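Below is one structure, written out as C-alpha cells; the observations come after it.
Here is how names work: the chains are called A, B, and so on, in the same order as the sequence lines, proteins then strands, and each is numbered from 1. Predicted, not measured: the structure shown is a model, and the values here were computed from it.
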Number of protein chains: 2
Amino acid sequence: MSSAQPTGDQEFGFIGIGQMGQAMVANWLALGYRVRVYNRTREKIRPLLEQGAIEATSPADAVVPGGLVMTCVSDDQALLSIFDDGEVFRRLGPQGIHVSMSTISPRTARLLAEKHNQLGGVYLASPVMGRPDTVAAKRQTFYISGPAAARHRVKPLLQAISRQVLELGDGPEAAHVAKLASNFLIATVVESLSEAFAFVEKNGLPPQTFFDTITEFLFDCFIYKGYGRHLLSGQFREPLFRLQLGLKDINLSLQSATESRTPMPFLSVLRDRYLAALAQGYGDWDWTAIALEVRRQAGLLPSQ
Amino acid sequence: MSSAQPTGDQEFGFIGIGQMGQAMVANWLALGYRVRVYNRTREKIRPLLEQGAIEATSPADAVVPGGLVMTCVSDDQALLSIFDDGEVFRRLGPQGIHVSMSTISPRTARLLAEKHNQLGGVYLASPVMGRPDTVAAKRQTFYISGPAAARHRVKPLLQAISRQVLELGDGPEAAHVAKLASNFLIATVVESLSEAFAFVEKNGLPPQTFFDTITEFLFDCFIYKGYGRHLLSGQFREPLFRLQLGLKDINLSLQSATESRTPMPFLSVLRDRYLAALAQGYGDWDWTAIALEVRRQAGLLPSQ
C-alpha cells in the first residue's frame with residue numbers, strides 16, 4: 001500500500017503518543033493521511049508535528065465528528081480517563097468509531113462498548129501484536145473485533161501500516177481476550193524454553209545443540225526460533241519489551257482469569273517468576289531476563 | 001530407501017517387542033534385514049516371526065557377536081535387567097553396539113555406557129520421537145548420541161525406517177536428555193493451550209477462532225497445530241499416547257531435574273495436572289485428556 005493514495009477515512013485522531021503510537025502515526029503521515037494527535041505529555045508529539053501531524057489540545061479536539069479516533073495508552077485506567085468527562089463521546093457522535101489499540105481487560109472493553117453504543121458510536125477493539133521496532137517496520141499484526149461494518153471501515157487503515165489484520169468476530173472484547181491469551185502463550189514459551197535450556201545444560205547437553213534439534217523439527221516456528229535465539233544470546237539488558245511491562249500483561253491476564261473463574265497454574269507460575277526477576281533488579285531489562293532467574297535458581301552462573 | 005538393498009549391518013538383534021518395537025522391526029523385515037527378536041512375553045513376537053524375524057530364546061540369543069543389539073523397553077529397570085547377568089555384554093563383545101531406544105534417565109545411560117566401555121563395546125543412545133502410528137508410517141525422528149563411529153555405523157539403519165535422524169554429539173546421555181526435554185516442551189504446549197482455550201472460552205471468545213488466529217501467525221508449527229486441533233476435537237478416549245505414559249515421562253524428567261538440581265516449576269505443575277487427571281480416571285485415555293481436567297477446574301462442562 002505504500003505508494004497508494006490514502007484509502008477510507010483520510011483524517012482521524014490518535015490519542016496516546018508513546019513509542020507505539022509514535023511509530024504508527026509516523027507511518028500514516030508518510031502515506032498522506034492527516035492525523036490529529038493528542039498526548040497528555042505534550043512534548044512527545046513534537047516529532048510528529050514536524051512530520052505534518054495536526055496538534056490537538058484535548059482528547060476531544062483530536063476527534064473528527066463522525067470519524068475515527070484511535071487510542072493507544074498504557075492501561076485500563078489511562079484509557080477510561082480519556083472518556084471521563086464525556087467530551088470525546090459527544091464530539092465523536094453517531095457514525096464515530098473508537099479504535100482501541102491498548103492491551104486492556106475484556107471488562108473495560110465491554111464497558112466502553114456499552115457507553116459508545118448508547119450514543120450511537122462504535123467501539124472497535126484492535127490491540128497490536130508487536131513491539132515498537134516491528135511497528136516502525138510495519139511488521140506488527142492487528143487483532144480486531146467489533147461490529148462488521150466498523151471492521152470493514154477501519155481495516156484498510158490498519159492494513160496500510162501492518163503485516164496483517166486478523167479478525168476475531170463481533171465481540172467488543174474478543175480481540176483483547178485473544179491478545180491476553182496470545183501474550184500468555186508467548187510468556188509460557190519463554191519460561192518453558194528457559195527451564196528446558198537449564199535442564200539440558202545441567203545434564204551435559206549444550207542448549208544450542210538442543211535448540212538446533214527442536215527447531216529443525218518439532219518447533220519450526222517464529223516464536224520458538226526468535227525467543228530461543230534471544231535466550232541463547234544472553235543479551236537481556238537492552239529491552240525490546242521491558243520486563244515490568246511483561247508483568248503488567250501477566251497481571252491483566254490474572255485479573256481476567258480471576259474475574260472469569262479460570263484457574264491457570266502456568267499463569268500463576270509466570271507471575272511469581274516475574275516478581276522474582278523484578279526482585280533481582282531486572283525490571284527495565286528485556287522480559288526474556290526471566291531466564292537469568294531460572295539460571296540463578298538452578299545454580300548456573302548468569303550467562304552474561 | 002524402501003526399494004534399496006539393506007545397507008550396513010544386515011542382521012541384528014532387537015529386544016523389547018512392544019507397539020514401537022513391533023512397528024520398527026516389521027519395517028526392517030520388509031526392507032530385507034534379518035532381525036533376531038526377543039521379548040519377555042513370547043506371544044508378542046509371533047506376528048514378526050510370520051514376517052520372517054528370527055526368534056531369540058534369550059536376550060543374549062538376540063545378539064550377533066560384534067554386531068548391533070537394539071533395545072526398546074518401558075523403563076530404566078526393564079533396560080537394566082536385560083544386562084543383569086552379563087550375558088548380553090559377553091556375547092556382544094568388542095565392536096558390538098547397543099542401540100538404546102527407550103526413554104530413560106541420563107544416569108542409566110551413563111551407567112550402561114561405562115559397562116559397555118569396559119568390555120570394548122559401545123552404548124549408542126537413540127530414543128524415538130514418535131508414537132506407534134508414526135513409527136509404522138516411518139515418520140518418527142530418532143535422536144542419536146554416542147561415539148561418532150558408532151553413530152556412523154547405525155545411522156543408515158535408522159534412516160531406512162524413519163523421517164530423520166538428528167545427531168546430538170558424543171555423550172551417551174545427550175539424546176536421552178534431549179528426548180526428556182522435548183517431551184517436557186510438548187507437554188507444556190498441551191497444558192498452555194488447554195489453559196488458553198479455557199481462558200478465551202470463559203471470556204466469550206470461541207477457542208476455534210483463537211486457534212485459527214495464533215496458528216496463522218505466531219504458532220504456525222506442527223506441535224501447536226496438531227495438538228491444538230486434537231484439543232478442539234474433544235476426542236480424548238482413543239489414546240495415541242496414554243496419559244499414564246505421559247506421567248511416566250514427566251516423572252522421569254522430574255527425577256533427572258531433581259538429581260541435577262534444576263528447579264522446573266512448569267514441570268511440577270504438569271506432574272500435579274497428570275495426577276489430577278489420573279484421579280479422574282483418565283489414565284488410559286489420550287494424554288491430551290489433561291484438557292478435561294483444566295476444563296473441569298474452570299467449571300466448564302466436559303467437551304464430550
Turns out that what part of B:Tyr143 lies under 4.5 Å from chain A's heavy atoms comes down to side chain
What residue in A:Gly204, A:Ser194, A:Ser145, A:Ala181 has the most heavy-atom pairs under 4.5 Å with chain B? A:Ala181
Which atom names give the shortest non-hydrogen contact between B:Ala298 and A:Pro263, and what distance separates them? CA-CD, 3.7 Å
When you look at CD of A:Glu114, are more than 12 heavy atoms from neighbouring residues, nucleotides or ligands closer to it than 6.0 Å? no
Atom group of B:Pro106 that falls short of 4.5 Å from chain A, counting heavy atoms: side chain
Is chain A contacted by the side chain of B:Glu201, its backbone, both, or neither, given a heavy-atom distance below 4.5 Å? neither
For residues B:Phe222 and A:Leu218, report the shortest heavy-atom separation together with the two atoms involved. CB-O, 4.2 Å
Is there a donor-acceptor contact under 3.5 Å from the side chain of B:Glu195 to the main chain of A:Phe266? yes
Could you measure the distance from the OG1 atom of A:Thr141 to the CD atom of B:Glu216? Nearest 0.5 Å is fine. 8.5 Å
Heavy-atom donor-acceptor pair, B:Lys202 side chain to A:Thr262 backbone, under 3.5 Å: no
Look at B:Ala196, B:Gly169, B:Pro265 and state which one has the largest set of heavy-atom pairs under 4.5 Å with chain A. B:Pro265
Give, as side chain, backbone, both or neither, the part of B:Gln297 having an atom under 4.5 angstrom from any heavy atom of chain A. both
Which one wins on heavy-atom pair count under 4.5 Å against chain B: A:Arg163, A:Met264, A:His176, A:Glu191? A:Met264
Return the CG to CZ distance between B:Asn203 and A:Arg110, rounded to the nearest 0.5 Å. 6.5 Å
Drop me the distance from B:Met129's CE to A:Ile214's CD1, to the nearest 0.5 angstrom. 10.0 Å
Of the listed residues (B:Gln164, B:Glu259, B:Glu173), which shares the most heavy-atom pairs with chain A below a 4.5 Å separation? B:Gln164
Given side chain to side chain contact (heavy atoms under 4.5 Å, CB included), test A:Leu185 with B:Phe210 step by step and report yes or no. CA-CA 12 Å; A:Leu185 287 179; B:Phe210 177 67; 3.9 Å; yes
Using non-hydrogen atoms and a 4.5 Å limit, figure out which bit of A:Phe197 sits close to chain B: side chain, backbone, both or neither. neither
Specify the closest pair of heavy atoms between B:Ala257 and A:Phe199, including all atoms of both residues, with the distance to one decimal. N-CE1, 3.6 Å
Of the listed residues (A:Ser182, A:Ala198, A:Ala175), which shares the most heavy-atom pairs with chain B below a 4.5 Å separation? A:Ser182
Choice from A:Gly299, A:Ser256, A:Ser268 maximising heavy atom contacts with chain B below 4.5 Å: A:Ser256
For B:Asp220, which atoms come within 4.5 Å of any heavy atom of chain A: side chain, backbone, both, or neither? backbone
With chain B as the partner, which of A:Ser192, A:Gly226, A:Ala174 has the greatest number of non-hydrogen pairs under 4.5 Å? A:Ser192
Go through the atoms of A:Phe184 and report whether side chain, backbone, both or neither lie under 4.5 Å from a heavy atom of chain B. side chain
Provide the closest heavy-atom pair for A:Val189 versus B:Phe219 in the form atom of the first, atom of the second, distance. CG2-CE2, 3.8 Å
Side chain to side chain contact (heavy atoms under 4.5 Å, CB included) evaluation trace for A:Leu168 with B:Thr213: CA-CA 8 Å; A:Leu168 284 130; B:Thr213 303; 3.4 Å; yes
Residue B:Leu166 versus chain A: region with a heavy atom under 4.5 Å: side chain
Check whether B:Arg107 gets within reach of chain A through its side chain, its backbone, both or neither, counting any heavy atom under 4.5 Å. neither
